[in-house]
Amino acid sequence: MTELVIASNNEGKILEIRAMIEDIELLSLKDIGFDREIPEPYFTFEENAMAKASAIHAYCGKNVFADDSGICVNALNGAPGVISAHYSGTRDDEQNLQKVLQELRDKEDRSAYYKAVICLIWDEETYFFEGVCEGTIIEEKRGKGGFGYDPIFVPKGYKETFGELPLSIKNSISHRGKAIEKMVHFLKERIEANNTALF
Ligand code: IMP
């Protein structure tokens, strides 16, 4: 089976991605023996995703993809954005989410969107896939599912937070789900074209 490395240590993300990709053997960083933090020093999702994918490709030489994602709150000028994972100065989801709630306390506009950018390195070429999911930040946490800011994010068209919705629904409408869907579509075409060329 075709192998593909996910350049992430985030268990929540890996769980979601595994549920969305079939027919490809997904390898985690643990599977390839990579146990360091990958630096994300840039100010855009694209650059960070590429930095992560390139670092892992240089390490193992395999086909690899990295996603860089975050939540952008309109009343906070797009913050936390690329620093969503450590907005409070810690990597603690609870503290990060509480900081956003605190900063939105007296704001009327509670609209926000999640954004994910995937960088795929496939047969030595680099490709990008993007997904956005719009919604609203509620005032108090609801639900125990998902990770990160999910308990305070209600996607457009729903009443429940991402912490309350089943993973299958989250994956069908989320930023990451949309980006992964685009990448999977691309990979299927690539793999089919290769198989056809072989016979
Ligand atoms: P990074 O892509 O590893 O830099 O981290 C993305 C961060 O954005 C996560 O640690 C979360 O704080 C936040 N985030 C991204 N996607 C999601 C999601 O689907 N649910 C909740 N939080 C998310």
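Both counts, for ligands and for their atoms, begin at 1 and track the order of listing.
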Task: Which residue and heavy atom of the protein sit nearest atom 4 (O) of ligand 1, plus the separation - done: Glu40 OE1, 2.8 Å
Task: Distance filter under 4.0 Å to Lys170 heavy atoms, resulting ligand 1 atoms - done: 18 (C), 19 (O), 20 (N)
- [ ] Check whether any N or O atom of Tyr114, backbone or side chain, sits under 3.5 Å from an N or O atom of ligand 1, and answer yes or no.
- [x] yes
TODO: Could you tell me whether Lys30 and Asp35 have a side-chain N and a carboxylate O separated by less than 4.0 Å?
DONE: no
Task: For atom 15 (C) of ligand 1, the protein heavy atom that lies nearest, with its residue and separation - done: Ser69 OG, 3.2 Å
- [ ] Could you list the atoms of ligand 1 found under 4.0 angstrom from a heavy atom of Lys13?
- [x] 1 (P), 2 (O), 3 (O)
Open item on the list: Taking distance alone, with N or O pairs closer than 3.5 Å, would you say Glu16 contacts ligand 1?
Closed with: no
TODO: Select one of side chain, backbone, both or neither to describe which atoms of Arg91 lie under 4.0 Å from any atom of ligand 1, heavy atoms only.
DONE: neither
Open item on the list: With a cutoff of 4.0 Å, is Ser174 in contact with ligand 1, counting heavy atoms of the residue only?
Closed with: no
Task: No-hydrogen, no-angle side-chain donor-acceptor test under 3.5 Å, Tyr87 and Glu103 - done: yes
- [ ] Take the angle between the ring planes of Phe153 and Phe162 and call it parallel below 30°, perpendicular above 60°, tilted in between.
- [x] tilted
Task: Protein contact of atom 8 (O) of ligand 1 - nearest heavy atom, named by residue and atom, plus distance - done: Ser84 CB, 3.3 Å
TODO: Identify which of Ala66, Ala85, Ala116, Pro151 has a heavy atom lying nearest to atom 5 (O) of ligand 1.
DONE: Ala85
Task: Asp31 side chain to Ser28 side chain, donor-acceptor N/O pair below 3.5 angstrom - done: yes
- [ ] Tell me which protein heavy atom sits closest to atom 22 (N) of ligand 1, plus the residue, atom name and distance to 0.1 Å.
- [x] Tyr149 N, 3.3 Å
Task: Exercise: do Glu130 and His175 side chains pair donor with acceptor under 3.5 Å - done: no
Open item on the list: Is the contact between Lys52 and ligand 1 made by the side chain, the backbone, both, or neither, using heavy atoms and a 4.0 Å cut-off?
Closed with: side chain
Open item on the list: Only heavy atoms of Asp150, strictly under 4.0 Å: list the atoms of ligand 1 that pass.
Closed with: 18 (C), 20 (N), 21 (C)
- [ ] Identify the protein heavy atom lying closest to atom 16 (N) of ligand 1, giving its residue, its atom name and the separation to 0.1 Å.
- [x] Arg176 NH2, 2.7 Å
Task: Atoms in ligand 1 with a heavy atom of Gly148 nearer than 4.0 Å - done: 21 (C), 22 (N)
Open item on the list: Could you report the tightest heavy-atom contact between Phe45 and Ser69, atom names first, then the distance?
Closed with: CE2-C, 3.4 Å
Task: Side-chain heavy atoms of Trp122 within contact of Ile191, under 4.5 Å - done: yes
Open item on the list: Yes or no: does Asp68 have any heavy atom under 4.0 Å from an atom of ligand 1?
Closed with: yes
Task: salt_bridge(Lys170, Asp150) N-O dist < 4.0 Å - done: yes
Task: Ionic contact status for Glu94 with Lys141, cut-off 4.0 Å - done: yes
- [ ] Indicate whether any N or O donor in one side chain lies under 3.5 Å from an N or O acceptor in the other, for Asn10 and Ser8.
- [x] no
